[in-house]
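One structure is given below, encoded as structure tokens.
As the structure lists them, so they are numbered: ligands from 1, and atoms in each ligand from 1.
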Amino acid sequence: MARHVLPSVDSTMNEAARLAPGLSGSAWIFAHEQTAARGRRGRDWRAPAGNFSATLVMRPEGGLAQAALYSFVAALALEAALAHVAGPHARLSIKWPNDVLLNGGKIAGILLESLQGGAQLAIGIGVNLAHAPPRNELEPEAMPPVSLAGESGMVVPPEEFLPMLAQAFAHYDRQFRDYGFDAIRNAWLARAARLGEEITARTGAQTYRGTFETIDATGALILTGPEGRRAISAADIFF
Ligand SMILES: O=C(O)CCCC[C@@H]1SC[C@@H]2NC(=O)N[C@@H]21
């Protein structure tokens with residue numbers, strides 16, 4: 001698979017959009033540093049040298065709904081690659097839909113954007129390998145950020161993390177294509193943070209509190225509260 005390695009870039013998502021028209025297959029776009037990286041919901045994302053920053057551009061099968069499920073494929077791949085470097089005792093979990101947590105703090109984030117009218121998908125992945133952002137730069141209720149180095153003392157060069165992540169992604173992508181979302185859903189649920197516990201979901205103006213029952217066949221979070229069972233397809237989650 002093609003790999004583009006950049007010393008510095010505004011955002012690997014922007015670079016993905018620039019390169020996409022010329023890409024026939026899949027490609028990883030990796031940068032040692034990003035100067036204007038973005039997170040979900042228009043938030044800024046810090047991506048200094050030492051942290052991992054990459055975007056995978058690919059051509060998903062099926063329509064947009066199918067492409068959105070790559071959020072879970074990517075989260076599983078990221079969790080697997082982190083388990084590989086952090087060792088079997090690291091407390092890793094996935095917060096719906098796709099934040100990877102280490103020891104209960106956010107170590108990584110995933111951002112999906114469609115390109116070329118949905119023909120291509122850009123999956124951006126950022127991992128705090130060396131540095132966590134300062135708490136005061138985040139929203140007050142955001143998950144506490146952590147880094148791999150801070151939690152474990154381990155130094156993993158970002159360029160060495162790329163092949164591990166690419167391999168783990170290829171594994172789960174194959175599972176998804178061969179066995180469908182059910183296989184991904186089961187693996188995801190086995191690693192889900194706060195499954196069966198009380199959580200809060202905030203969707204724009206609405207806040208719902210309830211028990212995190214499961215995710216459905218579309219990836220929506222199923223919350224059971226005083227008003228019954230609710231499927232939530234986009235929200236911020238608070239524990
Ligand atoms: O948790 C989030 O809000 C998602 C963060 C995604 C950050 C990655 S870093 C690589 C890629 N380039 C970007 O500008 N953003 C994503």
Side-chain angles (χ1 to χ4, degrees), residues 3-20 23 26-58 67-68 70-79 81-82 92-102 104-115 120-135 137-148 156-159 161-162 164-166 168-169 193 201-203 219 221 234-239:
R3 286 187 193 172
H4 299 254
V5 175
L6 307 160
S8 181
V9 72
D10 50 355
S11 157
T12 54
M13 303 307 277
N14 293 349
E15 188 67 10
R18 290 189 285 262
L19 292 174
L23 294 174
S26 299
W28 280 96
I29 298 157
F30 167 91
H32 284 279
E33 174 199 53
Q34 300 177 99
T35 54
R38 55 180 177 269
R40 289 170 63 211
R41 299 173 176 264
R43 295 183 183 111
D44 291 337
W45 179 263
R46 272 190 166 230
N51 281 1
F52 178 84
S53 300
T55 295
L56 172 65
V57 182
M58 60 175 296
Y70 269 97
S71 175
F72 300 91
V73 174
L76 281 172
L78 190 44
E79 193 271 349
L82 280 167
L92 287 162
S93 59
I94 309 174
K95 175 173 171 273
W96 187 87
N98 60 20
D99 283 339
V100 179
L101 308 181
L102 172 61
K106 174 162 166 158
I107 185 170
I110 295 172
L111 177 66
L112 261 60
E113 292 179 358
S114 67
L115 299 171
Q120 286 165 296
L121 177 68
I123 305 173
I125 297 178
V127 185
N128 301 331
L129 288 178
H131 314 284
R135 199 69 234 238
E137 283 185 9
L138 304 174
E139 287 157 19
E141 286 177 300
M143 292 299 292
V146 297
S147 70
L148 181 68
V156 176
E159 64 277 15
F161 189 70
L162 178 61
M164 296 183 229
L165 178 62
F169 188 92
R202 205 163 292 159
T203 64
L221 176 123
D236 278 324
I237 301 301
F238 303 93
F239 296 155

Check side-chain hydrogen bond (donor to acceptor under 3.5 Å, both in side chains) between T12 and all other residues, then give those that pass, not counting sequence neighbours.
-> Q34, T55
Would you call K95 and D236 a salt bridge, using N to O less than 4.0 angstrom?
-> no
How would you list, by chain and number, the residues with a heavy atom under 4.0 angstrom from ligand 1?
-> S11, T12, M13, Q34, A37, R38, G39, R40, W45, A54, T55, D99, K106, G109, I110, L111, G124, I125, G126
Once you round to the nearest 0.5 Å, how far does CD1 of I123 lie from CG of L112?
-> 5.0 Å
Is it true that D99 and K106 make a salt bridge, defined as a side-chain N closer than 4.0 Å to a carboxylate O?
-> yes
Side-chain donor-acceptor pair present, N128, R46, cut-off under 3.5 Å | no
Under 4.0 Å between a Lys/Arg side-chain N and an Asp/Glu carboxylate O for R18 and D10?
-> yes
